[in-house]
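So that the names make sense, note that chain A is the first sequence line, chain B the second, and so on, each numbered from 1.
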Amino acid sequence: MGATSIKKTIKNFGLPRIIIFSFFVLLMITAGIINMDVQSLMGDVIRRWGMYGILVLAMVPGIQSGIGPNFGVTIGIVGGLLGALISVELRSNDFFAAYASNPTLVAMMSILVALVLAVIISSVFGILYGMLLNRVKGSEMTVSTYVGFSVVALMNIMWLILPFRSQTSIWPIAQEGLRNTISLEADFSNVFNNLLGFYIGRTYIPTGLLLMFFLLCVLVWLFTKSRIGAMMAAAGTNPIYAKASGINVNRMRILGTTISTALGGVGIVMYAQSFGFLQLYNAPQMMGFSCVASILIGGASIRKARIFNVLLGTFLFHGIMAVALPVANNLIPEGNLSEILRIIISNGIILYALSKSKEEGK
Amino acid sequence: MKNPLRENVGGFFARNNVTILFIVLCIGSYIASGTSMSYLLPELFTRFGRNAFLVLSLLVPVVAGLGLNFGIVIGAVAAQISIFLVVLWGFSGFGGLMLCVAICTPLAILFGWLIGKLFNSMKGTEMIGGLVTGYFSDGLYQLLFLVILGGVIPINNPTLMISTGVGVKNTINLKDNLKYALDDVSMLTVIRVAFYVVAAVSVILLIFRIVKKQGLKISSLLKPLVPLAILYGASFIPAAKTFLDTTRLVLVTAVEIAALVTVAYNLYLIIRKKAINKEPGVPKKELARIGLMVALYAVTWIPQMYDAMMAVHLPVLTYLCIGALCLFIPWFMDTKLGQNMRTVGQDRGVAASAGINVDRTRIIAMIISTVLASYGQLISLQNIGTLQTYGSHNQVGLYAIAALLVGGASVNKATTKQAVLGILLFHTLFILAPNAGKALLGNAQIGEYFRVFVAYGVIALALAMHAWNSKGKKRKAPNEVEDGSMAIPFGL
């Protein structure tokens with residue numbers, strides 16, 4: 001009896017998750033053994049949890065509406081970067097200073113403007129992208145990956161020629177072309193991280209960041225419980241049945257794609273404020289992959305995803321990354337072991353999920 | 001509306017839109033860049049020699065229904081492991097390259113078998129699976145080259161290893177060992193070796209047939225032997241010997257030889273058809289071939305083209321290998337195994353009920369592709385002369401697939417002709433884009449980004465159009481949509 005119930009629990013939890021969870025615990029113990037500051041490491045884990053969480057959350061509406069894991073979330077990321085850049089541009093023209101003098105308030109205003117612009121721009125991209133995905137039903141994953149790559153490549157050209165003039169954004173000598181990494185020191189870097197933040201021992205809790213992450217999780221959860229959310233999920237799980245019951249499947253898919261893309265835009269702005277920099281050019285290219293990997297680690301499949309998968313997956317995947325980097329550097333300074341680990345784990349879990357998708361479909 | 005000509009023309013444009021768009025782009029960027037043919041052509045043929053083999057390695061999985069094999073990266077990885085070992089052991093030249101082949105073939109077979117196994121568990125999502133497998137294998141490769149080599153397996157070689165002794169350096173210079181190992185084999189050597197090999201095979205066959213008391217069929221044996229013998233004999237004439245002793249063939253000479261051989265051969269075919277077999281009708285195919293070669297030859301009389309083509313030096317053996325592969329693939333597709341692959345590619349259900357082992361056939365297709373890709377990477381790297389340990393393999397799949405698609409291939413249909421055309425067009429744009437970007441927008445970087453965008457864009461466009469079209473076809477067959485197969489929310 002006991003053995004079977006354990007087996008069942010293991011099966012429910014999934015072997016990959018058990019391996020990855022054990023790996024995480026092992027890393028933590030190793031960190032403790034080699035006398036690293038486990039408490040501040042834990043703070044790092046929590047910070048990265050909130051930093052990547054919203055990007056991973058963007059996977060949920062995509063999977064539920066039936067387009068599968070949204071490898072093309074990079075499109076939303078690009079929209080979010082545009083929003084943030086415009087906000088930086090406004091700040092450099094003293095737009096916010098005209099309304100407030102308190103630096104925190106100015107930073108708050110600038111990130112809110114960035115978020116709103118990110119949502120607007122990404123939603124427009126998302127609608128177009130959703131219309132494209134409706135025409136390629138059955139090959140969404142491959143098409144979205146390459147559409148995402150193409151958009152990143154196209155934006156590489158745009159970053160060079162768009163008329164941004166803020167001195168913190170463009171190359172100082174050439175006076176044109178956006179920089180590879182743009183510091184947000186003068187803008188909204190860490191504004192949510194510092195909001196109501198406090199220490200437990202030496203573990204820093206970025207309250208504002210986490211609140212924002214949880215708030216969006218709750219909003220998406222409420223949406224999935226709403227009537228229209230249920231319709232979207234029905235369109236995703238069984239389009240024939242949904243169509244028979246009068247649901248416009250294509251429109252639901254566009255809705256899911258748009259929400260996913262808009263969340264991608266919000267996600268990158270939150271990521272950038274926590275990171276302190278905007279990363280342009282090829283930096284967003286592989287972000288879609290790590291988002292997909294995170295939610296799959298959290299127990300989602302390419303057809304089913306819940307908020308819980310986001311919370312668990314982001315915590316495990318980015319937690320491992322946060323701990324592995326200093327631990328690996330401490331143990332084996334040569335080679336870029338944690339980066340190698342990231343590549344192997346993220347792509348390995350995607351392959352695992354793909355190879356399982358057939359059994360699940362039947 | 002029912003004008004058949006108009007429909008034909010319209011259909012031609014609709015079918016070849018990517019190719020036509022690319023021709024326009026190439027012409028446009030040629031004009032915009034303001035470069036000359038004598039800059040473009042040598043570059044183009046160098047790149048063609050480097051990449052053709054890799055692009056051709058994509059063909060077999062397409063036919064077998066596995067789509068565009070993004071997993072050729074893994075073949076390239078096998079080649080790079082073998083190069084590292086050969087350089088480490090200190091071998092060089094043609095022998096070193098052959099040792100590379102001997103090492104990378106079993107490796108590529110093993111990798112191909114593994115990918116094939118994996119792809120069998122994700123039927124229908126092979127392409128995204130292949131892409132992810134490529135990234136995954138890159139992670140394992142980095143683990144091997146950055147940590148295990150030197151870290152676990154001690155290697156004492158300061159020229160190859162990072163100064164700490166753990167991990168392989170970023171670049172491995174092949175100048176003193178493998179550079180031009182294949183390119184630098186002279187025509188004379190090729191002819192002599194080919195003559196002796198063919199002669200030996202003929203003798204063995206002859207003995208075999210005598211022992212087995214079969215018909216001798218001497219004429220069929222003489223067919224390849226006689227021209228080789230003539231060439232071999234010619235190599236004793238001093239003037240011919242100096243010509244054949246070179247390793248590079250000037251493009252003008254290559255065109256002249258090709259024109260001469262093609263015209264002579266097709267005239268022979270026409271004479272045989274009309275005078276000996278007395279077949280009715282005009283021999284259109286032969287005449288078209290003669291016309292094409294004459295036109296190509298005429299191009300060499302344009303002064304600018306003559307200068308440009310005189311500047312192109314083709315490495316003979318490399319191009320012979322590419323040519324041999326171009327002949328091998330259509331031949332292979334006509335064998336029993338090739339036919340099986342075609343059937344599997346069209347419909348797995350039909351193939352299975354016809355008694356074909358679908359999974360096994362797919363695995364064989366992947367093995368062939370991976371092995372060919374590893375040879376392709378060897379050819380490419382021996383020409384480039386430096387191995388970027390952590391970079392050379394990364395973009396292999398992207399550029400090869402983009403080139404194939406530019407030639408008009410799609411996810412389920414690709415031919416050697418499309419591959420050749422695609423490589424020429426894609427690399428023309430690749431060479432010209434930075435110059436055109438500089439001339440048009442004053443920034444070469446824009447041109448460079450543009451060509452990367454084009455590579456990704458072409459793949460995205462081709463994948464989207466394939467999905468779009470196959471969806472359209474499904475709509476036309478209503479019973480297919482209405483049955484239970486759509487209970488799976490998306491076929492992936």
Side-chain angles (χ1 to χ4, degrees), chain A residues 66-68 71 132 135-143 145-154 156-157 159-161 176-177 235-241 281-282 286 289 302-303 332-337 339-348 350-351 354-359 361-362, chain B residues 67 118 121-125 127-129 131-140 142-143 145-147 150-151 162 164-167 398 411 441 443 445-446 449-450 452-468 470-471 474 481-482 484 486-492:
Chain A
I67 65 160
F71 286 92
L132 170 74
R135 297 182 188 274
V136 298
K137 277 179 198 157
S139 325
E140 287 95 342
M141 284 197 287
T142 345
V143 172
T145 306
Y146 272 89
V147 170
F149 286 171
S150 315
V151 168
V152 169
L154 180 67
N156 281 348
I157 302 175
W159 301 138
L160 281 177
I161 59 179
E176 60 172 5
T237 40
N238 196 337
I240 299 286
Y241 173 77
Y281 298 95
N282 284 330
M286 300 309 288
F289 277 73
I302 53 183
R303 294 165 215 283
I332 311 167
E334 296 92 355
N336 201 349
L337 198 59
E339 172 66 9
I340 297 171
L341 203 64
R342 186 187 66 77
I343 299 175
I344 294 178
I345 293 181
S346 64
N347 292 301
I350 298 177
L351 280 182
L354 284 175
S355 66
K356 287 283 166 236
S357 68
K358 203 173 49 166
E359 296 163 21
K362 280 177 183 167
Chain B
L118 184 66
S121 72
M122 46 173 84
K123 288 186 185 118
T125 53
M127 278 193 279
I128 185 81
L131 186 71
V132 179
T133 316
Y135 291 135
F136 183 68
S137 72
D138 183 44
L140 295 179
Q142 286 190 29
L143 185 68
F145 272 69
L146 276 174
V147 181
I162 298 170
T164 55
V166 179
L398 167 69
V411 174
L441 301 154
N443 192 339
Q445 189 68 44
I446 293 181
Y449 282 136
F450 179 70
V452 177
F453 166 64
V454 162
Y456 284 126
V458 160
I459 299 179
L461 186 69
L463 292 172
M465 291 208 322
H466 174 72
W468 201 321
S470 53
K471 209 182 130 218
K474 258 187 199 160
V481 178
E482 296 307 326
M486 280 299 284
I488 306 166
F490 48 100
L492 293 162

> Are side-chain heavy atoms of B:F136 and A:I343 found at a separation under 4.5 Å?
Replying inline: no
>> Over 60° means perpendicular and under 30° means parallel, so tell me whether A:F289 and B:Y135 are parallel, tilted or perpendicular.
In response: perpendicular
> If you take all heavy atoms of A:A153 and B:F453, which pair is closest and at what distance?
Replying inline: CB-CA, 3.4 Å
>> Go through it in stages, so that I can follow the logic: the residues are B:M122 and A:L351, the test is side-chain contact (heavy atoms from CB on, under 4.5 Å), and I'd like the CA-CA distance, side-chain angles, deciding distance and then a yes or no.
In response: CA-CA 9 Å; B:M122 46 173 84; A:L351 280 182; 3.9 Å; yes
> Rounded to the nearest 0.5 Å, how far apart are CD of A:E339 and CG of B:L146?
Replying inline: 10.5 Å
> Is it the side chain or the backbone of A:L160 that comes within 4.5 Å of chain B heavy atoms, both, or neither?
Replying inline: side chain
> Any idea which of A:V152, A:N156, A:T145 has the most non-hydrogen atom pairs under 4.5 angstrom with chain B?
Replying inline: A:N156
>> Show the nearest heavy-atom pair for residues B:V132 and A:N347, with the distance to one decimal.
In response: CG1-O, 3.3 Å
> Among B:V411, B:V454, B:T133, which residue forms the greatest number of heavy-atom pairs with chain A at distances under 4.5 Å?
Replying inline: B:T133
> Does any heavy atom of chain B fall under 4.5 Å from the side chain of A:F71, the backbone, both, or neither of them?
Replying inline: side chain
>> For the OH atom of B:Y449 and the OH atom of A:Y281, what is their distance to the nearest 0.5 Å?
In response: 5.5 Å
> What residue, out of B:D138, B:I459, B:V452, has the most heavy-atom pairs lying under 4.5 Å from chain A?
Replying inline: B:I459
> Closest approach of A:I340 and B:G139, non-hydrogen atoms and distance?
Replying inline: CG2-O, 3.4 Å
> Which of these passes side-chain contact (heavy atoms from CB on, under 4.5 Å) with A:Y146: B:V458, B:I128, B:L461, B:L131?
Replying inline: B:L131
> Top residue by heavy-atom pair count (under 4.5 Å) with chain B, among A:I350, A:I161, A:L132, A:T142?
Replying inline: A:T142
>> Rounded to the nearest 0.5 Å, what separates atom CD1 in A:I302 from atom OG1 in B:T125?
In response: 6.5 Å
>> Assess the residue pair A:L337 and B:L143 against the criterion (side-chain contact (heavy atoms from CB on, under 4.5 Å)); give the C-alpha distance rounded to whole Å, side-chain angles, the decisive distance to 0.1 Å, and a yes or no.
In response: CA-CA 7 Å; A:L337 198 59; B:L143 185 68; 3.9 Å; yes
> Which atoms of A:I345 come close to chain B, meaning under 4.5 Å heavy atom to heavy atom: side chain ones, backbone ones, both, or neither?
Replying inline: neither
